[in-house]
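Encoded as structure tokens, the structure appears first; notes follow it.
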There are 2 protein chains.
Amino acid sequence: MKLGEGVEWSLHCCSVLGTLPPGVALPGARLAEFHDVPASYLAKHLQALSSAGIVESVTGRNGGYRLALPADEITMLDVVLAVNGDEPAFRCSEIRQRGPSAISLEHYVRPCGIARAMWDAESAWRNSLRNTTIGDLVGELDQSVAPEQIDKAITWMGSVLR
Amino acid sequence: MKLGEGVEWSLHCCSVLGTLPPGVALPGARLAEFHDVPASYLAKHLQALSSAGIVESVTGRNGGYRLALPADEITMLDVVLAVNGDEPAFRCSEIRQRGPSAISLEHYVRPCGIARAMWDAESAWRNSLRNTTIGDLVGELDQSVAPEQIDKAITWMGSVLR
DNA sequence: GTCCCTATACTCGGATAGCAAGTGTCCGAGTATAGGCGG
DNA sequence: CCGCCTATACTCGGACACTTGCTATCCGAGTATAGGGAC
């Protein structure tokens, strides 16, 4: 079980976009510069976010990305699934239907206990992520980020948005 | 986020081993045959379970694998972590310490909200898996497996264990 | 001064290589058993 | 008939190829803007 690096980047990007004034877009290249990550690769994930309807792209000059919904209506789960794919982590291959003790297919009506337990665990994981929105992340930035860094970020943002 | 196939195999193997009389060992090749999976590859995961102290190997003729602990003392989480690695799925690369708004290292004392939320979700996942033991899985086999299949499995097992 | 047109520069989007990890396989080291031999 | 010894066959354990998916990159299509020119 491993989560791709793009998940972290995407969540940070959404947080940044959530701090912008409504309607203002930030280019992908600027988002990459702000986080010091490869711009070309970040673009791939921003594309996924765009396809999922989480961010929307503004083309042309002074274009970029901006949140497609209010920050409070975007959950962390939405972002994670958009970037990492919405397939469940555990996939039951029904190996109980194979081997020397297999019986006719019609007897397998109830999922096996292993699959149920794994899916329950994944539901717990998803529910936890569903309980935090991008708006929550933005709201607690002043608690986890030093004021000095916030000032620098605001200054940089002002020079970029122009 | 994707869980390797070996996780499923390992959990099923532990369930099977949990049904055996105490002290009896089942060779990896028979476990593979019972589940109809590649024996050579399953051996790799059984090795991991052995290293983790979940199963113990009995060498030589009539050897094989058996649970190293009572089935009620082995949680699903133990098995999953042994096979899939115990690294957290989400790894914070501290990208907030990079880019144009970075400040001196000493200001980053509290983990960022994103990492905290991701870790909380993973804790929920782990806690859920911790609440189910191999013994629980064995105990509910008669609810999720048809009696006919149980009979066939017992018959096969008897012919193999000799 | 105002409006329109064009060229520009900037944006996103998808198609294209490189690499790590999971997947699959193999052969060698070690051991408990089965059978034969001697007493 | 009983005990010992040896050869065997079977076990696990680690070292070696292959495939999938994540990582990283590039170039082309499209558009809002900026500037210049005409009215």
Side-chain angles (χ1 to χ4, degrees), chain A residues 1-10 13 17 23-33 35-66 68 80 82-85 87 89-91 93 95 160-162, chain B residues 1-10 13 17 23-33 35-66 68 80 82-85 87 89-91 93 95 160-162:
Chain A
M1 163 138 136
K2 207 187 63 159
L3 238 52
E5 219 172 7
V7 171
E8 182 184 8
W9 299 357
S10 300
C13 285
L17 294 180
V24 174
L26 194 62
R30 298 292 158 270
L31 280 168
E33 181 184 351
H35 294 109
D36 191 23
V37 296
S40 304
Y41 184 33
L42 179 63
K44 192 184 198 68
H45 297 300
L46 291 172
Q47 212 170 318
L49 290 177
S50 180
S51 301
I54 293 173
V55 304
E56 59 187 6
S57 61
V58 181
T59 61
R61 197 162 180 157
N62 288 9
Y65 291 98
R66 64 187 174 202
V80 172
V83 174
N84 213 69
E87 301 165 8
F90 180 83
R91 290 148 300 172
S93 59
I95 61 177
V160 162
L161 286 179
R162 171 131 321 282
Chain B
M1 164 137 134
K2 207 187 61 156
L3 239 49
E5 219 172 3
V7 171
E8 182 185 8
W9 300 357
S10 300
C13 285
L17 294 181
V24 174
L26 195 63
R30 296 289 106 64
L31 280 168
E33 182 184 350
H35 294 108
D36 191 22
V37 296
S40 306
Y41 186 32
L42 178 63
K44 194 184 197 66
H45 297 301
L46 291 172
Q47 213 170 318
L49 291 177
S50 179
S51 301
I54 294 174
V55 304
E56 60 187 4
S57 61
V58 180
T59 61
R61 198 162 177 160
N62 288 10
Y65 292 98
R66 65 188 174 199
V80 172
V83 174
N84 214 68
E87 301 165 7
F90 180 82
R91 291 148 299 171
S93 60
I95 60 178
V160 162
L161 286 180
R162 163 130 326 280

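Just so you know, these numbers come straight off a predicted model, no measurement behind them. Convention: sequence-line order gives letters A, B, ...; per-chain numbering from 1.
- Atom CG in A:Leu49 sits about 16 Å away from atom C1' in C:dG14, given to the nearest Å.
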Produce a footprint string for nucleotides 11-25 of chain D: one letter per nucleotide, 5' end first; B if the base is under 4.0 Å from any protein heavy atom, S if only the sugar-phosphate is, - if neither.
-> SSSB------S-BBB

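- Formation of a donor-acceptor pair under 3.5 Å by the B:Arg30 side chain with backbone atoms of B:Gly64 is not found in this model.
- Looking only at atom types and distance, the side chain of A:Ser93 has no donor-acceptor partner in the side chain of B:Glu5 under 3.5 Å away.
- In this structure, B:Leu31 atom CG and D:dC10 atom C1' are separated by 16 Å, rounded to whole Å.
- Atom CG of B:Leu3 and atom CZ of A:Arg91 lie 8.0 Å apart (nearest 0.5 Å).
- Considering only heavy atoms from C-beta on, B:Tyr65 stays 4.5 Å or farther from B:Leu26 through its side chain.
- Using a 4.0 Å cut-off between a side-chain N of Lys or Arg and a carboxylate O of Asp or Glu, B:Glu56 and B:Arg66 qualify as a salt bridge.
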Polar atoms only, N or O, under 3.5 Å: list the protein pairs with nucleotides 35-37 of chain C and their distances.
none

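- When atom types are taken as modelled, the side chain of B:Ser51 and the backbone of B:Gln47 share a donor-acceptor pair closer than 3.5 angstrom.
- Residues B:Val55 and B:Leu17 approach most closely at CG1-CD1, 4.0 Å, considering heavy atoms.
- Note that CG of B:Leu42 and CG of B:Leu49 are 8.5 Å apart. Values are rounded to the nearest 0.5 Å.
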